[in-house]
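Remarks on the structure that follows.
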Amino acid sequence: MPELASVVGDIAADLSAVTERGTVASYIPMLAEVPIGQFGIAVTTADGQVITAGDAEVPFSIQSISKVFTLTLALGQIGDALWQRVGKEPSGNAFNSIVQLEYEHGVPRNPFINAGAIVVADAMLSGHQPREALGAILRFIRFVAADEAITIDEAVARSEKETGFRNTALANYMRAFGVLQHPVDHALGVYFHQCALSMTCRQLALAGRYLAFSGRLSPGGPTVVAPERARRIAALMLTCGHYDGSGEFAFRVGLPGKSGVGGGILAIAPGKASIAVWSPGLDRHGNSVLGSLALERLAKAMRWSVFAG
Ligand code: DON
């Protein structure tokens, strides 16, 4: 097996020469301002090492990657009752698609498309004000990443609120079906702020450890969630984590992963590592071009694909 640190270093060095980097998300004005020429990677392993390269210490907007953490919290709060309001199937549609919701009576296909994540945010509001739900999200992220410095970028949250017409439409539509149970602006307020969490690759890789190590921060370390819950969340990341690009990501990388339009991807090599990559240029599905390429190379070199070989 090649040495992980040299694989990670080689990937960062090789990718710096790649010119085809996709395009930066522009529908959220604050994200459109992020310079495209950045790439970071952080890998945290079972023995506690954190190996980084490139812009691994530069904070970026985690966007939809936050949906993994809010799903974990909502399941902790209301358990399997959540699955009556959101499905577990790949959507085969864009992350902000509206059409499927009408066919399926306001019940989103999975918790990672925008509509599904807004339902998850609504579930977190059971018995809580938006401020309390956001406090719980921040506390959880800081705990799993072991880093109290993580914050929400208010300017990004505001930027998305001012332009989030599609998400507002999705939320109102689901409220009409009774799938959303709290005021639409409360669920959206939580959702826009969770997406505006600002984290580095190092912080994100550390935050994903509980998914790599059967619900624990390290093998034999403190428990965050039950092993079965970690396994199920990882399964949804594999099948739904890259929207209508999920099949291609499984084909090329073979790891559970969750992307965000900020250009980040959190990927899990079960029992082996939690990996965060970031590069702001996106493909047509909204997934990081260089991030996917880096994970493809890493999984291949380390033989980390969950499908082996
Ligand atoms: O709601 C949105 O459109 C964004 N806050 C999040 C979308 C996202 O990250 C999709 N990921 N690739």
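Owing to the predicted nature of the structure, the values given are computational and were not obtained by experimental measurement. Counting convention: from 1, in listed order, for ligands and their atoms alike.
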Between [X] and ligand 1, which part of the residue brings a heavy atom under 4.0 Å of the ligand: side chain, backbone, both or neither?
X      : answer
Asn167 : side chain
Val261 : both
His285 : neither

Asp122 and side chain to side chain donor-acceptor pair (under 3.5 Å): which single residue from His186, Arg175, Arg85 fits?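 Of the listed residues His186, Arg175, Arg85, the side chain to side chain donor-acceptor pair (under 3.5 Å) partner of Asp122 is Arg85.
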Please determine which of Ser97, Ser64, Ser91, Ser259 meets the side chain to side chain donor-acceptor pair (under 3.5 Å) test together with Tyr243.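 The residue from Ser97, Ser64, Ser91, Ser259 that satisfies side chain to side chain donor-acceptor pair (under 3.5 Å) with Tyr243 turns out to be Ser64.
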Any nitrogen or oxygen of Cys195, side chain or backbone, less than 3.5 Å from one on ligand 1?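 There is no such contact.
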For the 3.5 Å polar cut-off, considering only N or O atoms, please tell me whether Lys258 and ligand 1 meet it.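 So ligand 1 has no N or O lying under 3.5 Å from an N or O of Lys258.
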Report yes or no: do Gln100 and Asn93 form a side-chain donor-acceptor pair below 3.5 Å?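 The criterion, which ignores hydrogens and geometry beyond distance, is satisfied for Asn93 and Gln100.
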Contact with ligand 1 for Asn96, non-hydrogen, under 4.0 angstrom: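 Judged by the 4.0 Å heavy-atom criterion, Asn96 does not count as contacting ligand 1.
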Does Tyr27 have a heavy atom less than 4.0 Å from any atom of ligand 1?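 Distance cut 4.0 Å: Tyr27 passes for ligand 1.
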Under 4.5 Å between side-chain heavy atoms, counting indirect links through other Ile/Leu/Val/Met/Phe/Trp/Tyr residues: same cluster for Ile41 and Met199 or not?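 Shared cluster, no.
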Quick one: nearest non-hydrogen protein atom to [atom], plus distance?
atom                   : value
atom 1 (O) of ligand 1 : Tyr191 OH, 2.5 Å
atom 2 (C) of ligand 1 : Glu160 OE2, 3.1 Å
atom 4 (C) of ligand 1 : Gln63 OE1, 3.1 Å

For Gly260, atoms of ligand 1 separated by under 4.0 Å from a heavy atom: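 Close to Gly260: 9 (O), 11 (N), 12 (N).
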Whether the side chain of [X] engages the backbone of [Y] through a donor-acceptor N/O pair (distance < 3.5 Å, no angle test) should be reported.
X      : Y      : answer
Gln63  : Cys195 : yes
Arg229 : Leu75  : yes
Ser126 : Ala123 : yes

Going by the closest heavy atom to atom 10 (C) of ligand 1, which one wins out of Ser259, Ser64, Gly164?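 Nearest option to atom 10 (C) of ligand 1, by heavy atoms: Ser64.
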Does the separation of the ring centres of Phe140 and Tyr210 fall below 6.0 angstrom?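 When the ring centroids of Phe140 and Tyr210 are compared, they turn out to be within the sub-6.0 Å range.
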